[in-house]
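Notes follow once the structure below has been shown.
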Amino acid sequence: MNTQNPQPYTQWNLPPCALARLGKGAITDIQYSPDGTRLAVATHIGTWLYDAHTRTELALLKQGLDQSAISLAFSRDGTTLVTGNGDDSTISLWNVHTGQRRATMRLGDDEDEVWAFVISPDGNTLISAGLDGKIRFWDIHAARLQSEIIAHAHPINALALSPDGKTLASGSNDFTIKLWDAHTGRQLSTLTGHTHGVMALAFSPNGMNLVSGSRDKTLCLWGTTTGKQIETFATDIGVVGRLEFSPDRSLLASGSGDNTVRLWNADTGTEQAILKAHKDAIYGISFSPDGKTLASGSGDHTVRFWDPATGAEKAIIDGHIERINSVAFSSDGSLLTSGTDDETLRLWDLSTYTEIQTLSGHEYLIEEVAFSPDGTMLASASQDERIYLWNINAGNETAILDHTDMVTALAFATNGTILASGGEDNIVRLWDIDTGDQLAALTGHTDIVKTVAFSPDGRTLASGSEDKTIRLWNAATGHYLTVLSGHTEAVKAVAFSPDAEILASASSDNTIRFWDMNSCQHIATLTGHTDTVEAVAFSPDGRTLISSGDAEDSTIRLWDPVTRQQRAIIKNYKVRTLAFSPDGRIFASGSSDGTILIWDLATVEATYNSV
């Protein structure tokens, strides 16, 4: 693998017409290579390979636009990385040195997912399990399925192979652990005792005992020959999702839902250390081959490196981000901000595609972000029932505006003096930016307000709601003007055309509607999306409308607002939010996979043409 890639990692494995990728995707698993030189980090966009010593990015193993990696394992010789892909029911085999995918093994059902892997000691057999409750045995060299067994009636979360490779253990959501002859697939015994799904398994060094972690927040020790529970040596430590013995088998590491990594004496079962620094559940743990470092990956989007002997934190990898809910460009187009599920706002320099600042303060996920028209202020709305106003230059909050429920919508007036917000209290509120005072509370919606937008001429405020309607208000006085009805499901987003003549609305009814702002009448319906339309945005020149769908739709679509025809479509990308740059040359899409893609509009239209 060429470790001297001249491109920055923000430009690796991009889809056609994308200029950069901001963020690395949310973490799902981690694993050291057998020689300890690399660390693989599975994410919602693929698998990153890092230099384990310098913690620099080496490669992004990714095939296709929307393919997550949810589990991984290195071959015994370290030349192959196996990943379980969450979006297309496949297992991929990657050449670690070249970064190229050498083979794909497909499961029988498109809805299957691989959640656990083990590789036989001789390196010839890959054993996988997951959503469908089956255990599959694969020839890793020929990339061919050898056999499969129906092991559990519920999903299998964990697999473990005894040190001699003779016994296989599987842990399931059916609360049981089953032991199997790893060569014949014959069931040996069923271990019962957990009161919730079994999430993690690890054999003791001599193979005589098995440790299990469960959603019932316990660690249990079992005798593999007797099938009996020996001891429950931990309780109330959070959902135990990961277990791994140190290379010398003296320590057992556990990662759990209480945000901690714990180290246990493998002989006595006594707790030796609690490693605290993560701010979310632990999704992966891995010892370096020499046992001197323990790596942990978390839902807080960091990988942390620990000294197992002292419990001290040695280093950190960051840049992995949770679901993107909102993006916005600064007025001069130099900055992009994003609001995410991890309760932070991030500021990105678009000349270098680097993160320059993280703003923290919210106590729950951020639903919406907006720049003030002059670019000096940033507003963020959160499910913590608060709006934060931030000074961009100082990087600190200047005011906190309190709602009575979760805040889900936000927009600055064109003059920058008023902020509109909406939320789960069904109310649209107007705020004075200078004083932080509430100017008005606009009532009329009968369900959650999902979106607000001011017209470019500053005269009208539009609000869209889960009550399936759009309401128009006088932006200066807050007086109710009229209601626009026609959508048959929730209104998710609204956007005015630059000349303020047309309002576009996106809905969970899979459509986009155009409304004439002079007559306040419905004038067109754009169809094509196959699921909820999450976002719409007009280009600054008014010649293009972009829309996006998350979930089952997973497309970005470009429309001609005059002919109402679709001009281009980008498939297989789950997009929750869209924004045009002020000059209209690029647009940003924020995804549930924890990344933002920056697209070149002209080349998108030429490359993804619908005609």
Side-chain angles (χ1 to χ4, degrees), residues 15-18 21 23 25-26 44-45 64-68 86-88 110-111 322-328 338-341 365 367-368 408-409 448 450-451 453 464-466 468 470 486-495 503-515 524-539 544-561 564-580 586-599 601 604-605 607-610:
C17 310
R21 179 189 296 108
H44 286 176
I45 66 164
L65 186 57
D66 185 25
Q67 186 181 73
S68 64
D87 298 297
D88 58 4
D110 288 341
E111 299 301 318
E322 189 55 271
R323 183 178 67 173
I324 310 294
N325 296 316
S326 182
V327 293
S338 59
T340 70
D341 274 8
L365 66 87
E367 289 276 9
E368 194 71 66
T408 54
I448 300 169
K450 298 295 293 183
T451 177
S465 167
E466 288 195 1
K468 308 175 189 178
I470 302 156
H487 282 296
T488 58
E489 297 292 342
V491 178
K492 302 286 284 186
V494 293
L503 180 72
S505 56
S507 170
S508 295
D509 65 12
N510 309 351
T511 70
I512 301 163
R513 288 183 174 242
F514 278 4
W515 309 85
T525 300
L526 311 184
T527 60
H529 285 286
T530 58
D531 205 339
T532 297
V533 188
E534 294 282 353
V536 287
F538 279 98
S539 60
T544 303
L545 178 80
I546 52 175
S547 61
S548 65
D550 198 356
E552 296 303 317
D553 180 77
S554 299
T555 65
I556 302 172
R557 297 170 190 256
L558 278 66
W559 309 84
D560 185 318
R564 288 84 185 255
Q565 297 300 304
Q566 181 178 292
R567 291 207 302 252
I569 179 172
I570 303 172
K571 297 180 179 180
N572 302 319
Y573 188 51
K574 298 175 182 178
V575 175
R576 297 179 55 79
T577 178
L578 294 165
F580 265 107
I586 62 175
F587 65 90
S589 59
S591 171
S592 54
D593 66 15
T595 66
I596 302 163
L597 286 178
I598 308 298
W599 304 86
L601 177 62
V604 165
E605 290 186 326
T607 304
Y608 296 95
N609 197 299
S610 295

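It should be emphasised that the depicted structure is a prediction, and the values quoted were computed from it without experimental measurement.
- Checking E489 against S507 by side-chain atom types alone, no donor-acceptor pair falls below 3.5 Å.
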Evaluate the side chain to side chain donor-acceptor pair (under 3.5 Å) criterion for residues S326 and E368: first the C-alpha distance (whole Å), next the side-chain angles of each, then the deciding distance (0.1 Å), finally the verdict. CA-CA 5 Å; S326 182; E368 194 71 66; 2.8 Å; yes

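- Residues I45 and R21 meet the side-chain proximity criterion, which asks for heavy atoms closer than 4.5 Å.
- Residues T511 and H487 form a side-chain contact, since some pair of their non-hydrogen atoms from C-beta on lies under 4.5 Å apart.
- In this structure, the side chains of E605 and T544 come closer than 4.5 Å at one or more pairs of heavy atoms.
- The two residues K574 and S554 come nearest to each other via the heavy atoms CG-OG, 3.1 Å.
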Can T555 and Y608 be said to form a side-chain contact (heavy atoms from CB on, under 4.5 Å), step by step? CA-CA 11 Å; T555 65; Y608 296 95; over 6 Å; no

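- No side-chain heavy atom of V491 sits less than 4.5 Å from a side-chain heavy atom of S465.
- Here the OG atom belonging to S508 is positioned 7.0 Å from the CD atom belonging to E466, to the nearest 0.5 angstrom.
- F514 approaches P561 most closely through the heavy-atom pair CE2-O, 3.6 Å.
- One finds the CD atom of E534 at 4.5 Å from the NZ atom of K492 (value rounded to the nearest 0.5 Å).
- In this structure, CD on E367 lies 5.5 Å from CG on N325, to the nearest 0.5 angstrom.
- Judged purely by distance below 3.5 Å, without hydrogens or angles, the side chains of D553 and T530 pair a donor atom with an acceptor atom.
- At least one side-chain heavy atom of I512 sits less than 4.5 Å from a side-chain heavy atom of L545.
- Distance CD1/I598 to SG/C17: 14.0 Å, rounded to 0.5 Å.
- Of all heavy-atom pairs spanning T577 and V327, the tightest one is OG1-N, 3.3 Å.
- By the 4.5 Å heavy-atom criterion applied to side chains, L597 and P15 are counted as neighbours.
- From T527, atom OG1 reaches atom CD of Q566 across 9.0 Å, with rounding to the nearest 0.5 Å.
- Between W599 and F587, the ring planes lie parallel to each other; the angle is under 30°, not in the 30° to 60° tilted range.
- Using modelled atom types, no side-chain atom of R576 and backbone atom of R323 make a donor-acceptor pair closer than 3.5 Å.
- Residues N510 and T532 come closest through the heavy atom pair OD1-N, 3.4 Å.
- By the 4.5 Å heavy-atom criterion applied to side chains, I324 and S591 are not counted as neighbours.
- A pairwise comparison of heavy atoms in H529 and S547 identifies NE2-OG, 2.8 Å as the closest pair.
- The CD atom of Q565 sits 8.5 Å away from atom CH2 of W559, with the distance rounded to the nearest 0.5 Å.
- Side chain of R564 to main chain of A524: no donor-acceptor pair is present (N/O by atom type, distance under 3.5 Å, no hydrogens or angles).
- Considering all non-hydrogen atoms of both residues, S338 and I596 come closest at CB-CD1, 3.5 Å.
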